[in-house]
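Once you've had a glance at the structure underneath, I'll fire off some questions.
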2 protein chains.
Amino acid sequence: MTAKSMTRAAFLVLTALADQPRHGYGILREVEELSDGEVQLRVGTLYGVLDRLTADGLIVLDREEVQQGRLRRYYRLTDEGVAALDAEAERMAAGAGAAKRRIAEGRRAGTPARPAADGPAGLELPTPPGLAGGYA
Amino acid sequence: MTAKSMTRAAFLVLTALADQPRHGYGILREVEELSDGEVQLRVGTLYGVLDRLTADGLIVLDREEVQQGRLRRYYRLTDEGVAALDAEAERMAAGAGAAKRRIAEGRRAGTPARPAADGPAGLELPTPPGLAGGYA
DNA sequence: CCATAATATATCGGCTGCCGATATATATCG
DNA sequence: CGATATATATCGGCAGCCGATATATTATGG
């Protein structure tokens, strides 16, 4: 049941839609604003993602409006979409935490990134079983 | 300056190497163990990633050993690799946090995810059936 | 008044990157 | 003796991201 991880672009779109329905161009702006300009979703990426997410039932077309002569096509998350986004966020947080923990472990065991060229080069003892760090 | 986000596979490899040098097959096992079997890095993915990370200077060949007739090629993170992993972990945590926050926001503003239709602002075309929901 | 930018949609070709399949070799276990 | 685990590596197919491009309307600035 553990759905496989979604793409980054899909994650960004779902995040942008998490608080309220938005139209394509609005999603683009929202993603950029949300990350303070650091992350940006490209126009060429957007529509393919929108189609895939719709096909997967994670988003649906909410409504269409004509604002000042321009068509706006609003999408919103389905319950499944919310669940998928939530699960992905969980996975990402777990992954980020695991990475941070292990970086700290590595620092403890030889700061200069050099595992201390001690013993005679050649055959080394098998690595001791590390204490589980756990992703989750 | 803001290095662009790395791929998921690259992130997994760097994480596996964060605490100590490991060889290819060991990375594979470590990734799986680390995520409790949920995430797994495929063999066909590994070597390409290893090459790319080496080319990018994020990892280096640490040493080679022959254990029981089998070659083991150990890789380790460079300082740059540690920094890149750390930055990526930060980005992921931020993204995960943003998603979580927004999901909560969406819940606050009308659980059924159905925004109310307004009158004057725009000409609406289709409005798919759904449960009525209060949203301003 | 016209050029440019912003808003808003969408498509397409190229390139990158992930994965399944496959190949090779040794050691161990039943 | 065959299956499994360890350990390396390559290749072709396919999915997905991105730059470029197209189209149309409105707002802004020179």
Side-chain angles (χ1 to χ4, degrees), chain A residues 3-14 16-17 21-33 35 37 39-56 58-59 61-75 88 123-124 126-127 129, chain B residues 3-14 16-17 21-33 37 39-56 58-59 61-75 88 121-126:
Chain A
K4 77 173 198 300
S5 207
M6 68 187 65
T7 66
R8 252 195 249 288
F11 175 77
L12 293 174
V13 169
L14 293 185
L17 292 177
R22 287 175 202 278
H23 62 282
Y25 193 78
I27 293 173
L28 253 27
R29 277 191 282 101
E30 185 65 16
V31 166
E32 190 156 8
E33 190 184 316
S35 68
V39 180
Q40 69 177 14
L41 185 63
R42 313 294 169 146
V43 196
T45 305
L46 179 66
Y47 296 97
V49 174
L50 248 22
D51 288 346
R52 247 176 293 133
L53 289 176
T54 299
D56 292 346
L58 302 188
I59 63 175
L61 181 59
D62 186 65
R63 66 189 191 277
E64 285 178 333
E65 287 178 14
V66 177
Q67 287 278 334
Q68 296 162 316
R70 297 188 195 93
L71 176 66
R72 285 182 174 178
R73 190 162 284 146
Y74 285 80
Y75 292 88
E88 181 69 11
L123 302 179
E124 298 195 8
T127 56
Chain B
K4 78 172 195 304
S5 206
M6 66 185 64
T7 66
R8 254 195 246 289
F11 175 77
L12 293 174
V13 170
L14 293 184
L17 293 177
R22 289 174 201 277
H23 62 282
Y25 194 78
I27 293 174
L28 253 26
R29 278 190 283 100
E30 185 65 14
V31 166
E32 191 156 6
E33 189 184 319
V39 180
Q40 69 177 16
L41 186 62
R42 313 293 170 147
V43 195
T45 306
L46 179 66
Y47 297 96
V49 173
L50 249 22
D51 289 344
R52 246 174 294 132
L53 289 176
T54 300
D56 291 348
L58 302 188
I59 64 175
L61 181 61
D62 185 65
R63 67 190 190 277
E64 284 177 336
E65 289 178 15
V66 177
Q67 287 278 332
Q68 297 161 314
R70 296 187 197 95
L71 176 66
R72 284 183 175 177
R73 192 163 283 145
Y74 285 80
Y75 292 88
E88 181 67 11
L123 299 176
E124 302 208 1
L125 303 168

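In this text, all values refer to a predicted model and were calculated from it rather than measured experimentally. Chain identifiers are assigned alphabetically (A, B, ...) following the order of the sequence lines, protein sequences preceding nucleic acid strands; residue numbering begins at 1 within each chain.
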May I ask you to evaluate whether A:Arg8 reaches the phosphate of D:dC17, defined as a side-chain N or O under 4.0 Å from OP1 or OP2? no
Which is true for A:Val49 with a 4.0 Å heavy-atom rule: it touches a base, it touches only sugar-phosphate, or it touches nothing?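 Here A:Val49 touches the backbone only, sparing every base.
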For D:dC18 and A:Thr45 - does any side-chain N or O of the residue sit under 4.0 Å from the phosphate oxygens OP1/OP2?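 Yes, within the criterion.
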Is DNA chain C part of any stem, that is, at least 3 consecutive Watson-Crick or G-U pairs with both distances under 3.5 Å, and where?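 C:1-30 with D:1-30 - these are the stems of 3 or more pairs that involve DNA chain C.
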Quick one: are B:Leu14 and B:Glu88 in side-chain contact, heavy atoms under 4.5 Å? no
Under the side-chain contact (heavy atoms from CB on, under 4.5 Å) rule, what do B:Tyr75 and B:Asp62 come out as? Steps first, then yes or no, please. CA-CA 5 Å; B:Tyr75 292 88; B:Asp62 185 65; 5.9 Å; no
Identify the 5'-most and 3'-most nucleotides of DNA chain C with at least one atom closer than 4.0 Å to a non-hydrogen atom of chain B. C:dG17 to C:dA27
Quick one: does B:Val43's side chain get under 4.5 Å of B:Leu28's, heavy atoms only?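 Sidechains of B:Leu28 and B:Val43: in contact.
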Looking at every strand, decide which applies to B:Gly48 at a 4.0 Å heavy-atom threshold: base, sugar-phosphate, or nothing.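 Nothing: the residue B:Gly48, judged by heavy atoms under 4.0 Å, touches no strand.
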In whole angstroms, the gap separating C1' of D:dG16 from CG of A:Leu53 amounts to 12 Å
Interatomic distance where CG belongs to A:Asp51 and C1' belongs to D:dG16 [whole Å]: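 Taking atom C1' of D:dG16 as the reference, CG of A:Asp51 is at 13 Å.
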Nearest-0.5 Å distance, CG of residue B:Asp51 to CG of residue B:Asp56: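 If we round to the nearest 0.5 Å, B:Asp51:CG and B:Asp56:CG are 10.5 Å apart.
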Evaluate side-chain contact (heavy atoms from CB on, under 4.5 Å) for B:Leu53 paired with B:Leu17, printing each intermediate quantity in order. CA-CA 12 Å; B:Leu53 289 176; B:Leu17 293 177; 5.9 Å; no
Could you tell me the separation between the CG atom of A:Leu50 and the C1' atom of D:dC17, rounded to a whole number of Å? 15 Å
If you apply the rule side-chain contact (heavy atoms from CB on, under 4.5 Å), what do you find for A:Val49 with A:Leu12, and how did you get there? CA-CA 10 Å; A:Val49 174; A:Leu12 293 174; over 6 Å; no
Rounded distance in Å - CG (A:Leu28) to P (D:dC17):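 In whole Å, D:dC17 P and A:Leu28 CG are 14 Å from each other.
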Which residues satisfy the salt bridge (Lys or Arg N to Asp or Glu O under 4.0 Å) test with B:Arg70, sequence neighbours excluded?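 B:Arg70 satisfies salt bridge (Lys or Arg N to Asp or Glu O under 4.0 Å) with no residue once adjacent residues are dropped.
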Which heavy atom of B:Val31 sits nearest a heavy atom of B:Leu41, and at what distance?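 Shortest heavy-atom separation between B:Val31 and B:Leu41 comes out as CG1-N, 4.1 Å.
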5' precedence on DNA chain D between A:Arg70 and A:Gly44 (nearest-nucleotide basis):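 Going by which nucleotide is closer to the 5' end, it is A:Gly44.
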Calculate the interatomic distance between A:Leu41 atom CG and D:dG16 atom P; express it in whole Å. 14 Å
Measure from the side-chain N and O atoms of B:Arg22 to the backbone N and O of B:Ala16, and report whether any donor-acceptor pair falls under 3.5 Å. yes
